[in-house]
Structure formats: C-alpha cells, structure tokens
Amino acid sequence: MFDLDKWQEILGTMRRNKLRTFLTAFGVFWGIFMLVLLLGAGKGMENGIWKEFGGGAMNSLFVSAGKTSLPWQGLKPGRELKFTNDDLQAIRQQIDGVELLASRNRLFGEYTIVNKTKNGSYQVFGATAEFFQINGEKLIQGRLLSPLDAIERRKVMILGEKVRKVLFGDQPAIGQYVQVKGVFFKVVGIFTHTGNNGRNEERAFVPYSTFQTTFNQYNQVQLIGISSRKGTPVKQLEDQIRLLLARRHQFDPADKLALELNNNEEEVQRFNGLFSGIKLFVSIIGVLTLVAGVVGVSNIMLIIVQERTREIGVRKALGATPWSIISMVVQESVLITSLSGYLGLLLGVGLLDAVRYLLEKSGGTTSYFDHPAVDLSVAVSATLLLVVSGAVAGLIPAMKAANVKPIEALRAE
C-alpha cells in the first residue's frame with residue numbers, strides 16, 4: 001500500500017541533505033549516461049560500416065587480374081594477367097557452389113556524359129544484369145539492366161541518382177538520351193547505392209556486351225563478381241577460382257599478387273568480431289561505472305543509517321517493525337538510483353538523437369558513422385537494472401538499520 005507519510009519523510013530527508021543526495025545520485029547518473037552514450041556510438045559505427053557495404057551480397061567475392069610476382073614453369077615474374085569471356089564460362093562450368101556470376105568493365109580515358117547542354121565527368125561501366133544483385137545497386141525509377149539488353153546489345157543506360165541530378169535536374173530522365181564518346185544511349189533506369197560514402201551514385205552502367213563492342217573492349221573482363229550458394233563458404237570458392245585461373249593463365253597458385261581478391265564474407269566476419277569486442281568493452285566499462293555509482297549509494301546510505309541511529313531507535317521503541325525500517329531505507333535508495341539513472345538514460349538518448357539530427361541536417365553521414373542509437377531493449381533493461389541496483393544498494397544499510405537495538409540507539413550521542 002502506498003504510504004504518503006513515508007514518502008514525504010524520505011523527500012524531506014533528501015531536501016535537508018541536498019549536496020549529499022546530489023553527489024550520491026551523480027555516480028549512478030554518470031554510469032547510465034556513459035553506458036548509453038558508448039553503446040549508441042558503437043551502434044553508429046556499426047551502422048556506418050554496414051552502410052559502406054551498400055546493401056550488396058555479404059557472401060560475395062570480387063576478382064580482378066593483377067601482376068605475377070613469382071616465376072612459374074619457366075615464365076618470369078612481372079606478367080600482367082588479363083581475363084577473358086572464356087574465364088567466365090570456365091568458372092560457370094567448373095566451379096561448384098556459385099549462385100551468381102557477373103562481370104564489370106570500366107571505360108578509361110577522357111570523356112563526359114552529355115545531355116544536350118549539360119554534361120558531367122562521371123565513370124561509365126559495362127555490367128551484366130547479375131552484377132547489381134551482388135554489388136547492391138537499388139532501383140529508384142525505371143528498371144535495371146536485363147539479360148535481354150545484353151543479348152540484343154541494346155544501347156541503354158542506367159544512371160546513378162547524383163548523375164541524374166546534374167544532367168537532368170528536375171526534368172524526367174527516363175526515356176531521354178545521353179551521349180558518351182559520340183554514342184547515344186537511352187536512359188531506362190535510375191539507381192541509388194549507399195556504399196562508398198555515396199560515390200557509387202556518380203556512375204552509369206550500360207549492358208556488358210554493348211560496352212565491349214561499342215568501346216572496343218571485346219573479350220576483355222576487368223572484374224568478376226561471384227556470390228556463393230547457401231552453405232558454401234566464400235573462402236572455398238576463392239580457393240577453387242585461384243586454382244582454376246592459375247591453371248588457365250599459368251601462374252603460381254601461391255602468388256598473392258597475381259589476383260586481387262575481395263572476400264566480403266571475410267570482411268563481414270572481421271567486422272562482426274570487431275563489433276562484438278566493442279560491445280563487450282563498452283558494456284564492461286558502463287557496468288563498472290554503474291557499479292561504482294551503486295557502491296557509492298550504498299556507502300552513503302550506511303552513513304545515513306549511522307547518523308539516524310537515534311531516530312531509528314526511537315521508531316523501534318515506539319513499535320516500528322523491522323520491515324518498516326528496511327522498506328524506508330530501501331525506498332530511499334531505490335528513489336535516488338532510479339531517478340538519477342533515468343535522467344542519465346534520457347540525457348544519453350537525447351544526445352544521440354541530437355547527433356543523429358545534426359548528421360541528417362548536414363546532408364548525410366560521416367564515413368563509417370551513421371544513425372547512432374540505442375535499442376529499446378537496452379533502455380528497458382537499463383531501467384530494470386536501476387531498480388534492482390537501488391534495492392541492492394540499500395539492502396545492506398537497511399539490514400543494519402533493522403538490527404539496531406532501541407536501548408543502544410537511545411544511548412548513542
């Protein structure tokens with residue numbers, strides 16, 4: 001039952017000892033504040049890094065040709081390797097566990113993408129339809145490139161959102177024509193990509209076969225993208241592809257510079273390990289800070305009990321039960337820890353929201369940091385932890401107070 005007199009007495013005691021109450025509460029407040037802030041910052045870093053993946057397949061592997069650094073069967077080191085369409089066919093036929101296989105080439109040299117009086121110096125790529133599923137481009141308007149575009153060698157193009165804004169502004173882009181090196185392409189789609197800090201939106205893509213024939217890159221493959229089937233480790237595909245390409249291009253399979261490999265699955269595993277370590281570290285620091293605050297509350301409550309020994313003795317002499325003494329001390333402890341901790345929780349969440357608002361207002365996010373936040377479950381758990389911590393902090397002083405003997409308490413000066 002709610003006892004108004006008891007709560008008025010507790011609040012009166014806190015008002016009479018403002019400095020002591022403030023110093024007691026500040027330890028718990030700071031512990032919760034730092035815990036929320038550190039967890040939110042860790043989440044912001046995690047969101048930023050995952051954003052850099054751009055929504056691409058986590059089980060993907062990108063392979064490009066390098067330069068040999070080791071001699072092999074009479075061949076000298078320093079040879080530049082070049083992939084061909086036959087390499088793609090060999091991977092498709094001889095490597096098990098491949099779900100998607102794609103290729104992408106880049107147009108080199110000086111050129112611009114021209115739309116009537118507007119132009120921009122942006123990168124142009126040729127890519128197969130499967131590449132976008134692996135790399136993570138997301139459609140905004142129109143459509144992405146299709147296998148039929150490649151079969152018929154259509155002169156169509158999809159633009160990144162930033163390219164569209166420069167070339168077309170507020171005008172519709174779908175169905176319009178742009179020019180690259182004197183060749184006209186029909187715009188059929190607009191895409192977005194969150195990776196690479198938004199720079200992937202400064203690109204344009206045409207069908208792979210069209211690109212090879214139009215820009216004189218016939219039978220050249222610069223980048224191969226692969227995603228693995230469920231249950232097949234990407235590392236297994238990587239080893240198989242290295243052996244296959246080493247056999248086809250005659251280089252030492254142990255030559256690390258012959259191929260440039262980007263295994264996204266390994267990157268994901270490394271980042272997951274990093275995030276787990278950050279969460280553990282932050283949790284330990286926050287909990288230790290909170291424990292220090294709770295210990296401070298417990299010590300202060302012990303001092304309060306000692307100072308109020310005479311008062312407690314009078315209460316017991318007048319018939320107060322041990323439980324009433326215990327509940328009075330525990331309730332005061334719970335009130336201090338819960339109120340101060342909840343204020344720390346509110347301030348921490350508020351500060352994270354302010355940082356997130358400033359990042360969005362500035363026109364985006366910084367690299368590797370995006371939308372710092374704390375999960376609702378963490379907030380609820382922290383609130384429950386505060387109540388329990390307050391009860392534990394006040395329990396030992398309360399037990400001491402309950403064991404005070406009236407006669408000895410009345411003798412105390």
Subject >> Test log, rule side chain to side chain contact (heavy atoms under 4.5 Å, CB included), inputs Phe185 and Thr210 >> reply: CA-CA 10 Å; Phe185 294 89; Thr210 305; 4.2 Å; yes
Original post:
Does the side chain to side chain contact (heavy atoms under 4.5 Å, CB included) test come out yes or no for Phe281 and Leu38, once each step is laid out?
Top reply: CA-CA 10 Å; Phe281 173 76; Leu38 291 173; over 6 Å; no
**OP:** Take Gln171 and Gln176, measure what side-chain hydrogen bond (donor to acceptor under 3.5 Å, both in side chains) needs, and give me the verdict at the end.
**Re:** CA-CA 10 Å; Gln171 300 300 315; Gln176 302 300 313; over 6 Å; no
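Atom NZ of Lys181 has more than 12 neighbouring heavy atoms from other residues, nucleotides or ligands inside a 6.0 Å radius. Around the CZ atom of Phe108, the shell of radius 6.0 Å holds more than 12 heavy atoms that belong to other residues, nucleotides or ligands. More than 12 heavy atoms of other residues, nucleotides or ligands sit less than 6.0 Å from atom CG of Asn219.
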Side-chain donor-acceptor distances from residues 87-96 under 3.5 Å, at least two apart:
from, atom 1, to, atom 2, distance (Å)
Asp87, OD1, Arg248, NE, 2.6
Asp87, OD1, Arg248, NH2, 3.3
Asp87, OD1, His249, NE2, 3.2
Asp87, OD2, Thr84, N, 2.9
Asp87, OD2, His249, NE2, 2.9
Gln89, OE1, Arg92, NH1, 3.3
Gln94, OE1, Arg247, NH2, 3.4

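You'll find the side chain of Arg104 stays beyond 4.5 Å of the side chain of Asn135, heavy atoms only. A heavy-atom distance below 4.5 Å is not found between the side chains of Pro77 and Leu70.
Taking all atoms of both residues into account, the shortest heavy-atom contact from Ala173 to Val187 is O-CB, 3.4 Å. Of all non-hydrogen atoms in Asn263 and Glu265, the two that sit nearest each other are OD1-N, 3.0 Å. The heavy-atom pair separating Thr232 from Ser228 by the smallest distance is O-OG, 3.0 Å. Shown here for Leu352 and Ala41, the closest heavy-atom pair between the two residues is CD2-N, 4.3 Å. Annotation for Phe251 and Leu245: closest pair CE2-O, 3.3 Å, computed over non-hydrogen atoms. Contact record, Leu101 with Val98: CB-CG1, 4.2 Å, taken as the closest heavy-atom pair.
Side-chain atoms of Asp149 come within 3.5 Å of backbone atoms of Ser146 as a donor-acceptor pair (strictly under, hydrogens ignored). For the pair Asn105 (side chain) and Gln222 (backbone), a donor-acceptor distance under 3.5 Å is present. The main-chain N or O of Ser103 is found under 3.5 Å from a side-chain atom of Thr128 such that the two form a donor-acceptor pair. Using a distance-only test at 3.5 Å, with no hydrogens or angles considered, no donor-acceptor pair links the side chain of Gln220 to the main chain of Lys82. Judged by distance alone, with hydrogens and angles left aside, the side-chain atoms of His193 form no donor-acceptor pair with the main-chain N or O of Gly160 at under 3.5 Å. Within the 3.5 Å criterion, the main-chain N or O of Leu167 finds a donor-acceptor partner in the side chain of Asn115. Remark: side-chain polar atoms of Tyr122 are not paired, donor with acceptor, to backbone N or O of Leu159 under 3.5 angstrom.
By the 4.0 Å N-to-carboxylate-O rule, Arg79 lies too far from Asp255 to be salt-bridged with it.
For the atom pair CZ of Phe215 and CZ of Arg106, the computed distance is 13.5 Å after rounding to the nearest 0.5 Å. With values rounded to the nearest 0.5 angstrom, Lys138 atom NZ is found 10.5 Å from Thr192 atom OG1. A distance of 12.0 Å separates CD1 in Ile190 from CZ in Arg143, rounded to the nearest 0.5 Å. Going from atom CG of Leu145 over to atom CE of Met157 covers 9.5 Å, rounded to the nearest 0.5 Å. Once rounded to the nearest 0.5 Å, the distance linking OG of Ser60 with CG of Asn264 reads 3.5 Å. Within the model, atoms CZ of Phe29 and CG of Leu339 stand 11.0 Å from one another, a figure rounded to the nearest 0.5 Å.
In this structure, Phe26 and Trp30 have parallel ring planes: the angle between them is below the 30° cut-off, well short of the 60° mark.
Phe191 and Phe205 have their aromatic ring centers within a separation under 6.0 angstrom.
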